[in-house]
Participant: 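For reference, the structure I am asking about is given below.
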Amino acid sequence: MKEDPLVYTVKELCRTCYTCVRGCPAKAIRICQGQAEIIEERCISCANCTLMCSRQAKKIKDSSAAVIEMLKGRRKAAICLAPSFPVEFCDTDPLRLAGMLRKAGFSFVNEVSFGADIVSLQYRKLINENPGKKYISSACPAVVSYIEKYHPSLVGNIAPIVSPMVATARIMKSIYGGETEIVFAGPCVSKKREAEKYAKDISCVITFAELRSILEAMDVSDRNSVDSFFDPPYPAKGVLYPMGRGLLSASEFEEDLLSGRFMSAEGLDEFTEALKNFEKGDIKADFLDLLCCDGCIMGPGIKSGKSRYAREEILRAYARSKYFNMKIGEWEDYVTRFRDMDYSAFFKTETAEKDAPAESEIKKVLEKMGKINQQDELNCGACGYPSCREHAAAIIKGLAESEMCLPYAIDRLKMTAQELRESYNQLTSAKQALLQSEKLASMGQLAAGIAHELNNPLGVVLLYSKLAAEETEPENPLRRDLNTITEQAERCKKIVAGLLNFARKNKPVFKKTDLGLLFENYFKVFKPSKNINIEFSREGEVFAEIDQDQITQVISNLITNAFEAMPNGGLIKVEVFSQGKFAFFTVSDNGCGIKEENLKKIFEPFFTTKQIGKGTGLGLAVTYGIIKAHGGAIMVESNADRSKGETGTKFTVKLPLEREKIKENAELIKNAGASKEKI
Ligand code: ADP
Ligand code: MG
């Protein structure tokens, strides 16, 4: 049967701080998608996580409504208060508290400390009758649960004696009758689970906080109640149980350093460490008294702003007043009456721990978190686990996530920030490139329209100027003028042809061509002036599917530009190579370079820095159109500033090797090259 969780997380309040993971002695808190979740099978119900969580995201199952119902019922109800009650109710006189509880409807009000006295006697008997056997106290249910789940081999060492709560309940039932409902109020949440095992003895367990809310709900306060005595039997030293070493003192087990027969450990770290060492055989004591909290006075069911030491003082003061005012004879009578009842307990193993993961698995997880060497294991504890290896083991067991590692998370964040920055830059340049190509495309349309319209009238001008020149005598001065008209009209025709080229409507004819060979053929006809050197290098044959005429035109445009950029001579370097699915060629020169502000404009039609009559400003525009039609890209790097080093320009042309891939490649180019491309 699945048990109701005693402690649970309110997800909306949880803020991934891992404080609860760090504090949980049973590592029963799983972080799943950044949210803490209590794993019922692993939880020992110590509820320390409720104390640690500053956001109050951990809640304890509340039974106050059930108790209020019980008080309204026909059966008699009795309440027994855990020995730590003077700490919780330090501002209320114990007699007044007893009066308040009676007013609330409890027919009997008892102290669990007397049950502790009885249990102490049982411990003495057990130790005396079993010399050489080693025992662990069973008073703290969280410790018992921890042993059952995480040290099953020690279950046989748990003293087979019920806790003071159960002993008291049995005594109360024997006095008030078996029908009486027994309610236990204390500082402990784990007692709620323990009581399920002893349902015959105990009807309900509430925390002191719940008891306060019951009194409030029933409008019971110290002002509207009268004093009343607790019901006997009254306790002796059992009052000391909720402090560290309290059980030893109440049982008169001297914690003698010389013999080391009796030992105590309290607190989350201490008790788990003590058990580990007890199991290893490092602890030789005959009796080990363990408390999960720093004494029950620090339990999660107590609401107090006082320090541990202040709480101990309050308890000690109460214990003294009880001890020195007790009626020994009466106490002995009660002890004689109840000492021989059945206080035996049994415990079960309940292995909650899976086998430890293999070393190779741990290594793999550590590596995933960037912990390759031992120095990378920072063991900073930010994840809530004491070491990186324990964190890795928890990841393997499905209890933790790698994101819990702070250094790892910071690294990942840094990487993500860097990636974001890069993709932002890429997007910016892609956006610019897009704007530029849109601009060029609309210019192309306009240019094509104008060129088309101009072509016919120009043809007519040419025809008639030629005819008129032929009909004019050679010595007639008109003939010279007519020739000038023809020349200029021809120049116009060239420009118009260039414009049509830029806005190229006619489809390229693709053919597998060795790009290097194309250059070599070009250089056969290109005759540079003497002071220009050409350095050509090619990486074997680079076959690409291209339109030979168009790419030759590109080559010609680039080489001419390089040549024109070096009026005083220089070096033109050409390289042809391939990389992946692309062919590349570069044309570089050490000429004047392109000014930064012009770099964006050079692909626009009619942009030229050359004198009138020399440049048309169409070479690169046409080049751009051709490369685009090939599904390629053209990049430019240039320096025109002498102070920054040697001036010069380098054009890089990238062309897909195969036609079918063009579409796919166009995408690739857009994504990969966008940051570098200047178009
Ligand atoms: P044009 O050569 O007719 O001026 P282009 O379109 O070929 O037209 O070139 C446009 C402009 O780009 C040139 O006027 C020049 O300013 C610049 N340019 C192109 N290539 C180079 C180069 N290799 N070195 C310096 N400037 C260049
Ligand atoms: Mg040019």
Side-chain angles (χ1 to χ4, degrees), residues 4 6-8 47 50 56 59-115 165 168-169 171-173 175-196 198-199 201-232 234 242 296-297 299-306 314 318:
D4 262 4
L6 290 184
V7 186
Y8 55 92
T50 62
Q56 267 96 53
K59 295 273 184 259
I60 296 166
K61 184 184 160 193
D62 194 307
S63 306
S64 48
V67 172
I68 293 173
E69 271 313 297
M70 182 193 292
L71 289 170
K72 287 187 199 152
R74 278 195 285 125
R75 287 166 78 173
K76 283 192 172 173
I79 186 164
C80 55
L81 296 182
S84 54
F85 82 86
V87 175
E88 169 74 32
F89 296 98
C90 61
D91 296 328
T92 312
D93 186 276
L95 296 180
R96 180 59 55 92
L97 178 64
M100 287 162 67
L101 294 171
R102 287 189 206 280
K103 185 174 161 71
F106 290 106
S107 306
F108 308 105
V109 182
N110 282 72
E111 284 184 64
V112 171
S113 309
F114 180 76
M165 169 183 82
T168 307
I171 293 167
M172 287 168 80
K173 287 237 172 186
I175 303 175
Y176 310 134
E179 289 288 285
T180 316
E181 307 263 27
I182 309 284
V183 175
F184 169 89
C188 182
V189 174
S190 196
K191 284 269 179 225
K192 288 178 185 256
R193 192 62 84 218
E194 183 191 0
E196 287 167 7
Y198 296 98
D201 304 300
I202 311 236
S203 303
C204 195
V205 167
I206 50 173
T207 61
F208 285 138
E210 286 167 74
L211 179 57
R212 277 191 188 276
S213 71
I214 291 168
L215 292 173
E216 206 181 300
M218 303 184 91
D219 195 26
V220 175
S221 73
D222 53 355
R223 287 184 305 281
N224 63 17
S225 310
V226 291
D227 288 355
S228 166
F229 286 110
F230 275 83
D231 288 298
Y234 302 126
C296 313
I297 48 169
I302 288 193
K303 291 277 166 284
S304 164
K306 292 195 159 56
I314 293 170
Y318 182 74

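Heavy atoms only: backbone and side chains are in, while hydrogens, waters and symmetry mates are out.
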Participant: Is any side-chain heavy atom of Tyr234 closer than 4.5 Å to a side-chain heavy atom of Ser113?
Facilitator: no
Participant: Main chain of Ile297, side chain of Ser84: is a donor-acceptor contact present, judged purely on distance under 3.5 Å?
Facilitator: no
Participant: On a heavy-atom basis, which atom in Val205 and which in Ala195 lie closest, and how many Å separate them?
Facilitator: CG2-CB, 3.4 Å
Participant: What's the shortest heavy-atom distance between Pro300 and Thr50, and which atoms?
Facilitator: CB-OG1, 3.7 Å
Participant: How long is the straight-line distance from CZ of Arg223 back to CE of Met100, given to the nearest 0.5 Å?
Facilitator: 9.0 Å
Participant: For residues Ala98 and Ser228, report the shortest heavy-atom separation together with the two atoms involved.
Facilitator: CB-O, 3.3 Å
Participant: Just by modelled atom types, is the Cys80 backbone N or O under 3.5 Å from a matching donor or acceptor in the Asn110 side chain?
Facilitator: no
Participant: For the residue pair Phe89 and Pro94, establish whether any side-chain heavy-atom pair is separated by less than 4.5 Å.
Facilitator: no
Participant: Go through Ile60 and Leu6 one step at a time and tell me if the side chain to side chain contact (heavy atoms under 4.5 Å, CB included) criterion holds.
Facilitator: CA-CA 6 Å; Ile60 296 166; Leu6 290 184; 5.8 Å; no
Participant: Let me confirm one number: the CG-CD1 distance from Asp62 to Ile206, rounded to the nearest 0.5 Å.
Facilitator: 9.0 Å
Participant: Strictly below 4.0 Å, N to O, side chains only: are Asp222 and Arg96 in salt-bridge contact?
Facilitator: no
Participant: Check the pair Ser225, Val220 against side chain to side chain contact (heavy atoms under 4.5 Å, CB included), reporting the backbone distance first and the verdict last.
Facilitator: CA-CA 7 Å; Ser225 310; Val220 175; 3.6 Å; yes
Participant: Test side chain to side chain contact (heavy atoms under 4.5 Å, CB included) on Met165 and Lys191 and set out the steps.
Facilitator: CA-CA 8 Å; Met165 169 183 82; Lys191 284 269 179 225; 3.4 Å; yes
Participant: Applying side chain to side chain contact (heavy atoms under 4.5 Å, CB included) to Leu211 and Leu101, what does each step give before you reach the verdict?
Facilitator: CA-CA 9 Å; Leu211 179 57; Leu101 294 171; 3.8 Å; yes
Participant: Tell me the closest heavy-atom pair linking Arg102 and Phe230, and the distance in Å.
Facilitator: NH2-C, 3.9 Å
Participant: Roughly how far, to the nearest 0.5 Å, is CG of Leu215 from OG of Ser221?
Facilitator: 9.0 Å
Participant: Does any non-hydrogen side-chain atom of Val87 lie less than 4.5 Å from one of Lys306?
Facilitator: no
Participant: Any idea which heavy atoms bring Ala82 and Gly186 closest together, and the distance?
Facilitator: CB-CA, 3.6 Å
Participant: Return yes when atom CG of Asp219 has more than 12 non-hydrogen atoms of other residues, nucleotides or ligands closer than 6.0 Å, and no otherwise.
Facilitator: no
Participant: I'd like to know if the side chain of Lys72 reaches the main chain of Val67, judged simply by a donor and an acceptor atom lying under 3.5 Å from each other, with no hydrogens or angles considered.
Facilitator: no
Participant: Measuring from Glu181:CD to Phe106:CZ, what's the distance to the nearest 0.5 Å?
Facilitator: 10.5 Å
Participant: Do the rings of Tyr176 and Phe108 sit parallel, tilted or perpendicular, given the 30° and 60° boundaries?
Facilitator: parallel
Participant: Can you name the nearest heavy-atom pair linking Ala77 to Leu71, along with the distance?
Facilitator: CB-CD2, 4.0 Å
Participant: Looking at side-chain heavy atoms only, is the closest gap between Glu111 and Pro83 below 4.5 Å?
Facilitator: no
Participant: Should Ile171 and Phe114 count as side-chain neighbours, where that means a heavy-atom distance under 4.5 Å?
Facilitator: yes
Participant: Out of curiosity, Tyr198 OH to Ile182 CD1, how far, rounded to the nearest 0.5 Å?
Facilitator: 16.0 Å
Participant: If the threshold is 4.0 Å, N to carboxylate O, is there a salt bridge linking Glu88 and Arg212?
Facilitator: yes
Participant: To the closest 0.5 Å, what do you measure between CZ (Phe85) and OG1 (Thr92)?
Facilitator: 10.5 Å
Participant: Does the side chain of Thr207 pick up a donor-acceptor pair with the side chain of Glu210 at under 3.5 Å?
Facilitator: yes
